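This report concerns only the one structure given below.
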Amino acid sequence: MSDEKSSWFIYGFVARGTVVLAEYTEYTGNFAAIAARCLDKLPSSNNRFTYACDGHTFNFLVNDGYAYCVVAKESAPKHVSVAFLERVKADFKKRYGGGKADTALPKSLNKEFGPVLKEHMQYIIEHADEIEKLIKVKAQVSEVKSIMLDNIEKTMDRGEKLRDLEEKTTDLRNQAQDFKKQGTKVRRKMWLQNKKIKLVILGILLIFVFIIWMSVCHGFDCTKHSGEENKQPVEDNQGLR
């Protein structure tokens, strides 16, 4: 471990509200007082907060009424400080969740949890490279997840559009079928009208022929009249002789 890495973390503590329950440091300076002033100004919502001052970063993680803090040199990567805070939070909640931490007096957990803070600092520094790789993997997984969700959303959107297109196609098919039925009815109606017109014309022609027939034959027995007309000339010839 390089000397630079070993001095990344300067000070750390766990607080309930503004009451510091446990702290650890191997350095002297005013960072504890500055951290306490920052603690007084922290929002109560669960989140992470970072303040920079005099070449150091004051990193806070607020969760369920407790604040976890680490003061680090500016040269320390941010993900290292975040990893430390998350690790301390998990350990503290495992040890004291729902227990005496809720009523503990200021710095009353120093003896128990102060050395634990030191151990977590050493662990994070020693495994900084592995933590960085893990964070990169998580970032890649998050990116892939985001891409997959985006693709799913687009697929669902395309599904909605395809469904709309299918509905429109069905409507057009139904309209075409209705149009075909209406066309069949119209053609049948026109065919009947055409037949009626032909029958009327045929009837008119038959009546016209009948009228001509009656005019020529002077009645229904056209043959009889023709025979009588043929006989008359013969009788006249006999009378001349």
Side-chain angles (χ1 to χ4, degrees), residues 42-50 59-68 77-87 89-91 93-94 97-98 127 129-230:
L42 281 181
S44 58
S45 57
N46 293 351
N47 210 334
R48 288 197 297 265
F49 306 92
T50 301
N59 307 275
F60 293 88
L61 171 61
V62 179
N63 182 263
D64 297 337
Y66 286 83
Y68 308 89
K78 184 177 180 179
H79 67 266
V80 172
S81 299
V82 172
F84 170 80
L85 294 175
E86 292 288 351
R87 188 176 177 86
K89 181 194 74 174
D91 195 351
K93 294 183 73 171
K94 182 179 179 180
H127 297 84
D129 294 338
E130 290 86 341
I131 291 171
E132 184 177 5
K133 292 178 182 178
L134 180 60
I135 289 174
K136 288 182 179 179
V137 171
K138 286 183 177 180
Q140 292 175 350
V141 171
S142 179
E143 182 180 2
V144 171
K145 181 180 178 181
S146 178
I147 293 173
M148 290 179 64
L149 290 174
D150 184 57
N151 289 336
I152 291 172
E153 184 177 353
K154 290 180 180 178
T155 301
M156 292 178 66
D157 184 54
R158 285 197 296 268
E160 292 293 332
K161 292 179 180 178
L162 289 174
R163 191 177 298 111
D164 292 341
L165 180 61
E166 183 179 356
E167 291 177 355
K168 290 180 180 179
T169 303
T170 303
D171 292 340
L172 289 173
R173 188 184 299 113
N174 293 334
Q175 292 176 5
Q177 291 176 351
D178 293 340
F179 181 78
K180 184 179 180 180
K181 291 178 181 178
Q182 292 176 359
T184 302
K185 291 180 180 179
V186 170
R187 285 195 299 272
R188 186 179 293 114
K189 185 176 180 180
M190 292 179 66
W191 182 83
L192 290 174
Q193 290 179 347
N194 189 37
K195 287 294 182 183
K196 289 180 180 178
I197 292 172
K198 288 181 179 179
L199 289 174
V200 170
I201 293 173
L202 179 61
I204 293 172
L205 289 175
L206 289 174
I207 293 171
F208 184 71
V209 171
F210 178 74
I211 291 173
I212 294 174
W213 176 275
M214 292 296 291
S215 298
V216 173
C217 296
H218 304 288
F220 291 98
D221 193 358
C222 191
T223 306
K224 182 179 178 179
H225 290 290
S226 298
E228 291 176 352
E229 292 175 355
N230 291 332

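Source: prediction; values computed, not measured.
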Non-hydrogen atoms of Ala67 and Leu42 that approach each other most closely: CB-CD1, 4.3 Å
Interatomic distance, Ile207 atom CD1 to Leu202 atom CG [nearest 0.5 angstrom]: 10.0 Å
Considering non-hydrogen atoms only, spot the tightest contact between Ala83 and Ile131 and give its length. CB-CG2, 3.9 Å
Check against side chain to side chain donor-acceptor pair (under 3.5 Å), Asn59 and Lys78: CA-CA 9 Å; Asn59 307 275; Lys78 184 177 180 179; over 6 Å; no
Show the nearest heavy-atom pair for residues Leu85 and Tyr68, with the distance to one decimal. CD2-O, 3.4 Å
For Asn47, enumerate each residue passing the side-chain hydrogen bond (donor to acceptor under 3.5 Å, both in side chains) test, keeping only those at least two apart in sequence or located in another chain. none
Whether the side chain of Asp91 engages the backbone of Arg87 through a donor-acceptor N/O pair (distance < 3.5 Å, no angle test) should be reported. no
Separation of Asn46 CG from Tyr66 OH (nearest 0.5 Å): 13.0 Å
Any residue meeting ring-ring contact (aromatic ring centres under 6.0 Å, His included) with His79, in chain and number order, not counting sequence neighbours: none
Is the closest side-chain heavy-atom distance between Phe60 and Thr50 below 4.5 Å? no
First locate atom CG of Leu199, then atom CG of Leu192, and finally report the distance between them rounded to the nearest 0.5 Å. 10.5 Å
Do the non-hydrogen side-chain atoms of Ile201 and Lys198 ever get within less than 4.5 Å of each other? no
Do Arg48 and Glu86 come within less than 4.5 Å of each other through their side chains, counting heavy atoms only? yes
Below 4.5 Å, heavy atoms only, C-beta onward: do Asn63 and Lys93 meet side chain to side chain? yes
Working to the nearest 0.5 angstrom, can you tell me the gap between Asn174 CG and Thr169 OG1? 10.5 Å
